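Remember, predicted model here, so these are calculated numbers, not experimental data. We're numbering straight along the sequence, starting at 1.
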Amino acid sequence: METINIRINSAESTEALAEKLGELLQPGDCLAFYGDLGAGKTTFTKGLARGAGYTGAVSSPTFVLMHIYEGRVPIYHFDAYRLQSSADLYNIGADEYFEGDGAVCLEWSERAEDILPPERLELHLTYAEGEQRETARHIECIGRGARGEEMARILAQAAEEVAGAECNAV
């Protein structure tokens, strides 16, 4: 299990970082998002989708449960905020997307941890401390399994290239 800590200073830097990962996204990849409202989960997904070749608008699927972003690799963007348990996602067939032809992004993953695949990248987004609290975020990236660890390393390398991002591996 690989853990990477990244500090991002703006929404633009968050999208740029995620775009680099999106360029290397593969079918079967799973990104599990954790964090408070406004912490940057959907912002990260915007960059991810752009990197995967999607050119349309990206928004949180809070009220519809899932959006599909068609690109080089389709992204299935789920939001579990309004759900009571993972059974709600299971009942709509969300688990089938984890082994499909695209990548899955799941916001509010803490509500559905028991259906997450063992190979995944967990992204814990929090507001950064200090004077840039309105725009800066801390992202703890935990790679689970070989592919999850690879995605964490990709983000660490991308953080070295993106202005407004700082990274340290734990």
Side-chain angles (χ1 to χ4, degrees), residues 2 4 6 8 11-83 85-86 88-90 92-126 137-156 158-159 162:
E2 182 143 355
I4 306 291
I6 300 172
I8 296 290
E12 295 78 21
S13 294
T14 301
E15 286 187 42
L17 178 72
E19 185 173 352
K20 298 224 182 250
L21 178 59
E23 291 169 358
L24 301 172
L25 213 56
Q26 299 175 7
D29 284 346
C30 177
L31 288 86
F33 291 93
Y34 301 80
D36 292 333
L37 286 169
K41 299 178 293 294
T42 301
T43 299
F44 194 98
T45 304
K46 286 179 185 178
L48 194 72
R50 188 171 57 241
Y54 179 71
T55 58
V58 172
S59 62
S60 180
T62 302
F63 294 100
V64 294
L65 302 180
M66 181 183 77
H67 289 302
I68 301 172
Y69 308 121
E70 294 287 350
R72 178 186 54 77
V73 172
I75 295 176
Y76 305 108
H77 183 197
F78 290 91
D79 188 319
Y81 181 73
R82 297 175 48 109
L83 304 181
S85 71
S86 59
D88 293 337
L89 273 177
Y90 186 80
I92 64 167
D95 57 314
E96 294 175 20
Y97 289 92
F98 291 117
E99 296 176 14
D101 62 344
V104 170
C105 294
L106 176 61
E107 294 190 30
W108 302 97
S109 291
E110 59 272 21
R111 297 175 188 233
E113 286 187 325
D114 57 328
I115 69 165
L116 290 173
E119 295 242 351
R120 64 184 182 266
L121 177 63
E122 293 181 1
L123 298 159
H124 299 261
L125 291 94
T126 55
R137 300 292 183 267
H138 176 261
I139 306 173
E140 181 184 38
C141 309
I142 301 171
R144 300 204 182 269
R147 180 60 182 156
E149 290 180 358
E150 182 180 1
M151 287 189 286
R153 286 191 296 274
I154 291 167
L155 280 178
V162 170

Chemist: To the nearest 0.5 Å, tell me how far K41 NZ sits from L37 CG.
Modeler: 6.0 Å
Chemist: Would you indicate whether the side-chain heavy atoms of I8 and L125 approach each other to under 4.5 Å?
Modeler: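 When only atoms from C-beta onward are counted, I8 and L125 do not touch, as no gap falls below 4.5 Å.
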Chemist: Restricting to side chain to side chain donor-acceptor pair (under 3.5 Å), what partner residues turn up for R147, sequence neighbours left out?
Modeler: D29, E150
Chemist: What residue among E113, E122, E149 forms salt bridge (Lys or Arg N to Asp or Glu O under 4.0 Å) with R144?
Modeler: E122
Chemist: Name all residues meeting the salt bridge (Lys or Arg N to Asp or Glu O under 4.0 Å) criterion together with R50; count only those two or more places apart in sequence or in a different chain, and write none if there are none.
Modeler: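 Per chain and number, R50 pairs via salt bridge (Lys or Arg N to Asp or Glu O under 4.0 Å) with E15, E19.
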Chemist: Closest approach of S13 and V162, non-hydrogen atoms and distance?
Modeler: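 Taking S13 first and V162 second, the nearest heavy atoms are O-CG1, 3.7 Å.
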Chemist: Determine whether Y54 and I75 make a side-chain contact, defined as any pair of heavy atoms from C-beta on separated by less than 4.5 Å.
Modeler: no
Chemist: Working to the nearest 0.5 angstrom, can you tell me the gap between C141 SG and L21 CG?
Modeler: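 Result: 9.0 Å between the selected atoms.
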Chemist: Just jot down the salt bridge (Lys or Arg N to Asp or Glu O under 4.0 Å) partners of R153, sequence neighbours excluded, or say none.
Modeler: E2
Chemist: State which residues pass ring pair (Phe, Tyr, Trp, His ring centres under 6.0 Å) with H124; sequence neighbours excluded, sorted by chain then number.
Modeler: Y34
Chemist: Any non-hydrogen side-chain atom of M66 less than 4.5 Å from a side-chain atom of Y76?
Modeler: yes
Chemist: Short question: side chain of S109, backbone of F33 - any donor-acceptor pair under 3.5 Å?
Modeler: yes
Chemist: Working to the nearest 0.5 Å, report the span between NE2 of H77 and CD1 of I68.
Modeler: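 So the gap between those two atoms works out to 12.5 Å.
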Chemist: Between OG1 of T55 and OH of Y69, what distance do you get to the nearest 0.5 Å?
Modeler: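 Here the interatomic distance stands at 13.0 Å.
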Chemist: Does any non-hydrogen side-chain atom of T14 lie less than 4.5 Å from one of K46?
Modeler: no
Chemist: Give me the atom names and distance for the closest heavy-atom approach of V73 to A103.
Modeler: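 Scanning both residues, the minimum pair turns out to be CG1-N, 3.8 Å.
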Chemist: Among residues at least two apart in sequence or on other chains, which ones pass ring pair (Phe, Tyr, Trp, His ring centres under 6.0 Å) with F98?
Modeler: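 For F98 there are no ring pair (Phe, Tyr, Trp, His ring centres under 6.0 Å) partners, ignoring immediate neighbours.
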Chemist: What is the distance from atom CG of L123 to atom CG of L48, rounded to the nearest 0.5 Å?
Modeler: 9.0 Å
Chemist: If you measure from NE2 on H67 to OG1 on T45, what distance do you get to the nearest 0.5 Å?
Modeler: 10.5 Å
Chemist: Going by the rule salt bridge (Lys or Arg N to Asp or Glu O under 4.0 Å), which residues pair with K20 if we only count those two or more places apart in sequence or in a different chain?
Modeler: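 Result, salt bridge (Lys or Arg N to Asp or Glu O under 4.0 Å) vs K20: E161.
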